[in-house]
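Model, not experiment: these values are computed from the prediction. Letters A, B, ... are given to chains in the order of the sequence lines, protein chains preceding strands, and every chain is numbered from 1.
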Amino acid sequence: MRIATWNVNSVRSRIDRVEAFLQRQDVDVLALQETKARDDQWPTMGLQALGYEVATYGLNQWNGVAIVSRVGIEDVQQGFDGMPGYGDPVAAEARAIGATCDGVRVWSLYVPNGRAVGDPHLDYKLAWLEALRTNAAGWLADDPDRAVALTGDWNIAPLDEDVFDIAQFAKSTHVTPPERAAFQAVVDAGYADVVRPLLPGPEVYTYWDYYRQRFERNRGMRIDFVLGSPAFAARVTGARIDRDERAGTGASDHAPVIVDLSD
DNA sequence: ATGGTCGCGGTGCGA
C-alpha cells in the first residue's frame with residue numbers, strides 16, 4: 001500500500017497534475033491539503049474514472065482537505081473533537097479529515113500557519129495542535145495496535161536543518177520553541193516521523209516559496225510530515241519526496257511525500 | 001529592511 005500527502009494549493013487549478021501524479025507514482029491513498037475548494041466545487045469526475053473515491057472537507061476558498069483512495073474509504077470524520085476555529089465563524093475552517101483505508105487510519109491535516117510571532121493566529125495554531133495531540137493520544141489509548149498516520153502540512157520545521165537558513169527565521173513562525181514543542185508533543189504521544197529515518201541525506205525539503213526562485217536555488221523547508229503510530233511505523237518500507245512535482249510551470253509550492261507500507 | 005509569486009474571485013488577503 002502506497003500513501004502520499006500533498007499540499008496541492010488549489011485542487012481545481014491543479015487537478016490535471018493530481019491525476020497524473022496518482023498514476024505516475026501508483027498511489028493508493030492521497031491526503032490533500034489546501035484544496036481551496038468547497039465540497040460542492042470538487043473536481044471528482046476524473047478521479048472516479050481512475051478508480052478513486054474521494055472524501056472532501058472544504059468550507060471556503062482558503063483551506064480544505066481531502067482523502068483520495070482506491071482501496072476504500074470508511075468511517076470518514078471531518079475535523080476532530082474540540083478542533084478550534086479562528087475569527088469570524090462565517091470563514092469556517094476545514095483543516096482535518098480522517099478515514100480508514102484498507103485498515104489504515106489516515107488523517108489529512110492542514111495545521112494553521114500562525115502568520116507571525118505575536119499574531120493571535122499563532123496562539124490559535126498552538127491551541128489547534130494541542131487539541132490534535134489530545135485526540136491523537138486518545139486514539140492510541142483506545143487501540144494501541146491500530147495503524148494510524150497523521151499526514152499533512154504541519155507548518156512547523158522541527159529542526160534547524162529543516163530550513164535553508166535558520167538565521168533568516170530568527171523572527172519567524174514555524175521554528176519557534178512553542179511550535180516545535182507542540183510538534184514534539186504529538187511525537188511523544190506515540191507518533192513517529194517515518195520519513196526521516198529513510199531519507200538520511202540533505203534532500204528533505206517539502207516546500208519552496210514561490211518568491212525569489214526558491215525552488216531553483218533549493219531554498220526550502222521541511223514542513224510536511226507523515227507521523228505514524230507504532231503499528232503504522234512497523235509497516236513502513238520506504239519513503240520519498242517527489243521533487244519533480246514541484247518543478248515546471250503550474251506546480252504547487254509543496255512537493256508530495258510518499259510512504260510505502262508492507263501488507 | 002524590503003520585495004518577490006501564487007490562487008481566489010473579481011479587491012486585496014493569505015500563504
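- Rounded to whole angstrom, the span from the CG atom of A:Asn9 across to the C1' atom of B:dC6 amounts to 7 Å.
- A:Asn63 has its CG atom 10 Å from the C1' atom of B:dG14, to the nearest Å.
- In this structure, A:Ser10 reaches the B:dC8 phosphate: one of its side-chain N or O atoms is under 4.0 Å from OP1 or OP2.
- Closest-nucleotide positions on DNA chain B for A:Pro112 and A:Ala251 were compared, and the one nearer the 5' end corresponds to A:Ala251.
- Residue A:Asn155 contributes atom CG, which lies 12 Å from atom C1' of B:dG14 at whole-angstrom precision.
- The side chain of A:Arg212 contributes no N or O atom lying less than 4.0 Å from OP1 or OP2 of B:dT5.
- Distance A:Tyr211 OH to B:dT5 C1': 6 Å, rounded to the nearest Å.
- Near DNA chain B, meaning a heavy atom under 4.0 Å from it, residues 159-177 of chain A has no residue at all.
- When each of B:dT5, B:dC8, B:dA15 is scored by its nearest atom to the side-chain atoms of A:Lys36, the top-ranked nucleotide is B:dC8.
- As judged by a 4.0 angstrom heavy-atom cut-off over every strand, A:Arg214 is placed among residues making no nucleic acid contact.
- In summary, the side chains of A:Gln25 and A:Asp242 do present a donor paired with an acceptor at a separation below 3.5 Å, with no hydrogens or angles considered.
- In this structure, the CZ atom of A:Arg17 is 10 Å from the P atom of B:dG7, given to the nearest Å.
- Contact record, A:Ser252 with A:Asn7: OG-O, 2.7 Å, taken as the closest heavy-atom pair.
- Considering every non-hydrogen atom in both A:Arg222 and A:Tyr205, the closest pair reads N-CD2, 3.9 Å.
- Between A:Asn7 atom CG and B:dC6 atom C1' there is a gap of 12 Å when expressed in whole angstrom units.
- The two residues A:Val18 and A:Val11 make their nearest non-hydrogen contact at CG2-CG2, 4.4 Å.
- Rounded to the nearest Å, the gap between the C1' atom of B:dA15 and that of B:dG3 is 15 Å.
- As judged by a 4.0 angstrom heavy-atom cut-off over every strand, A:Arg14 is placed among residues touching the sugar-phosphate backbone only.
- Spacing between atom CG of A:Asp253 and atom P of B:dG14 amounts to 17 Å, rounded to whole angstrom units.
- In this structure, A:Arg95 satisfies the cation-pi test against A:Tyr110, with its NZ or CZ atom closer than 6.0 Å to the six-membered ring centre and inside 45 degrees of the ring normal.
- Contact detail for A:Ala239 and A:Leu198: the closest heavy-atom pair is N-CD1, 3.9 Å.
- Counting atom types as modelled, A:Tyr207 pairs no side-chain N or O with a base atom of B:dA15 as donor and acceptor under 3.5 Å.
- As rounded to whole Å, 18 Å separates atom P of B:dG14 from atom CG of A:Leu59.
- For the ring-ring contact (aromatic ring centres under 6.0 Å, His included) condition, the pairs that include at least one residue of residues 21-51 of chain A, sequence neighbours left out, are A:Trp6-A:Phe21.
- Atom P of B:dT2 sits at a distance of 23 Å from the matching atom of B:dC6, rounded to the whole Å.
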